[in-house]
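Read the structure below first, then the notes.
Just so you know, these numbers use all the heavy atoms, side chains as well, and skip hydrogens, waters and symmetry mates. Below, chain A is the first sequence line, B the second, and so on; all start at residue 1.
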Amino acid sequence: MFGSRCDGCGEVMLGAGLAWCPRCSRAQPRTVELSCVGTVWSYTVIRARPPGPSHFGEQFEPFVSALVELPEKLRILSPLAVPIDRVAIGAPVELQVYVLYTDDATDVMAFCYGEPGGGA
Amino acid sequence: MADEVLVAGVGLHPFGRFDASYVEMGQAATVAALQDAGISWADVDAAYFASMYLPATSGARTLKPMGATRVPICDVEAACASGGVALRQAMLGILSGSYDTVLVLGVEKMPRGFMDPSMIYQPWQIDMGLTTNPAYWALRARRHMHDYGITEEQIARVAVKNHSNSVHNANAMYRAAFTVEEILASRLVCDPIRVLEICAPNEGAAAVILTRAGAAPLSGPRVRVAASVHTIAGWSADLRAPAEAMSASGADAPAPTAVAASMACEQAGIGCPEISCFEVQDTDAFCELECYEHLGLCEPGGSGAFLDSGATQLGGASPVNMSGGLISKGEPVGASHLAQVIELVWQLRGCAGGRQVDRARTGLAHVLGAAGNCAVTILAR
């Protein structure tokens, strides 16, 4: 996972290639690699199939969605590959990357966070 | 302020689900507001039309059939704050000296269920299924519970209060009272937020006619727009669609509600605790608790106790959502703020029936939505 760090105010944002720092307006934050580990800052459970053409199968299963706080002081909104009854604020989690769907033989990757050492 | 801007008339099409088209609902609200003001469409110098989910030129499509008077009709969109932003444009138009009388009309006709994600999310968020809008409210609620000990029962009691108020509002979509047990037994949508604690996107229209004081004789009691403010949340000051992340360094940033309310109170020359009554954005029951804190009605973290004190019930010191709130009325996004303003006008005129606030002299209306759009309007007698 990549982020952008502002040379002016030091803020770290999600995603590479930002044209400006949205906090202080300085141009061209530097692309940086983000930590792969963080902690659960808050969470909820998505109980119904989200609206729109997402990639859930026939049987929708409720899943945890969380704000994961990285050491860079960035909180990322992400699905959590953690059982509903095991999620808690402050729990350590680790980045997982998985194939969301395949488009014309190209794998489209997505991210989530799971229990450390849990694998994808 | 050189000139005073007064509310000349108001008109509401009920909120709910109807066979009527958005044009018909908008015209019905407009006709009611013109009648209330005792003027005709030909007396209106300009119109601002608020909606989020209607096609281009919906304002002209709705109003031009009432008479092609060549006045400017401008569509305005600012998510849940659309109505407040349209009202502010009308206010600025009058204060600039450009117009004497301006119509502000909010209309929406939204399908059942969650809001169309293509309107508020990026394609990758839709691909990943991160499009459940109530998740944002739930994430804030969960963290607030963790930090301050607000309980699920306190969140449910906001819904009990607002549903209970709705029984007196013939224009609300849901008009049933619920016990706290019934609210807590309702289905979870995004933990800890339940289906009886959230608002439904729906249909309706609300019209407010503003006029420069002295421009036309007014029949009813004099209600003045004391403040009209719009802001967009600062960096990470708010977690709301379509945010994909937020910064921990935004923790001390003032919330958009606090910013807008502070600006509005300064304009009006009044403090929030002295205001007679409030209509606030209860997209979910927790949002209303958050509002108590951001409006400065109680200390940070004190909203649960403030609710428990009864202060925000009808008869309390600071009644909130006398109309039943969005939880009961539903949220036709473009119309929601203007309906809040209409509720306050009725309260200030003393004609709010079973939900009348005793001796209401001032009222504050607040909306907050996607991208951190926040609008606050203060009315005064």
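Options Ile89(A), Val64(A), Ile76(A), Leu70(A) differ in how many heavy-atom pairs under 4.5 Å they form with chain B, and the most are formed by Ile89(A). When each of Lys73(A), His55(A), Met13(A), Arg23(A) is scored by its heavy-atom pairs under 4.5 Å with chain B, the top score falls to Arg23(A). The most heavy-atom pairs under 4.5 Å with chain A, out of Asp116(B), Asp127(B), Thr131(B), come from Asp127(B). Contact count versus chain B (heavy atoms, under 4.5 Å) is highest, among Ala48(A), Pro53(A), Gly10(A), for Pro53(A). In terms of heavy-atom pairs under 4.5 angstrom with chain B, the leader among Leu100(A), Val12(A), Ile84(A), Val108(A) is Leu100(A). When each of Ser247(B), Ala138(B), Ala141(B) is checked for heavy-atom pairs under 4.5 Å with chain A, Ser247(B) comes out on top.
For a residue to count as touching a neighbouring chain, one of its non-hydrogen atoms must lie under 4.5 Å from one of that chain's; by this rule Met115(B) touches chain A with the backbone only. Proximity to chain B (any heavy atom under 4.5 Å) is shown, for Phe111(A), by both the backbone and the side chain. Looking at Tyr43(A), the atoms closer than 4.5 Å to chain B (heavy atoms on both sides) sit in the backbone and in the side chain alike. For chain B, no part of Glu72(A) is nearby; none of its heavy atoms comes within less than 4.5 Å. Residue contact with chain B, scored on non-hydrogen atoms closer than 4.5 Å, involves the backbone and the side chain of Leu74(A) alike. Heavy atoms closer than 4.5 Å to chain A are found in the backbone of Ala243(B), but not in its side chain.
Atom CH2 of Trp124(B) has more than 12 neighbouring heavy atoms from other residues, nucleotides or ligands inside a 6.0 Å radius. Around CD of Gln122(B), the count of heavy atoms belonging to other residues, nucleotides or ligands within 6.0 Å exceeds 12.
Note that the OG atom of Ser236(B) and the CD atom of Glu11(A) stand 6.5 Å from one another [nearest 0.5 Å]. Taking OH of Tyr121(B) as the start and OG of Ser54(A) as the end, the distance is 12.0 Å to the nearest 0.5 Å. Taking OG of Ser65(A) as the reference point, atom OH of Tyr136(B) lies at 8.5 Å (rounded to 0.5 Å). The structure places SG of Cys190(B) at 9.5 Å from CZ of Arg47(A), a figure rounded to the nearest 0.5 Å. The structure places CE of Met128(B) at 8.5 Å from CG of Leu77(A), a figure rounded to the nearest 0.5 Å.
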query = side chain to side chain contact (heavy atoms under 4.5 Å, CB included) between Ser42(A) and His146(B): does it pass, once the steps are laid out?
reply = CA-CA 9 Å; Ser42(A) 189; His146(B) 176 266; over 6 Å; no

task = Show the numbers, then the answer: is there a side chain to side chain contact (heavy atoms under 4.5 Å, CB included) between Leu188(B) and Val45(A)?
result = CA-CA 9 Å; Leu188(B) 281 164; Val45(A) 181; over 6 Å; no

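The side chain to side chain contact (heavy atoms under 4.5 Å, CB included) test with Thr44(A) singles out one residue from Leu139(B), Val189(B), Ile193(B), and that residue is Leu139(B).
Looking at every heavy atom in both residues, Pro51(A) comes nearest to Pro117(B) through O-CG, 3.4 Å. Across all their heavy atoms, Arg143(B) and Trp41(A) have their closest contact at NH1-O, 2.9 Å. The nearest pair of heavy atoms linking Gly129(B) to Phe63(A) is O-CZ, 4.0 Å.
Within the 4.5 Å cutoff, the side chain of Pro79(A) has heavy atoms near those of the Leu130(B) side chain.
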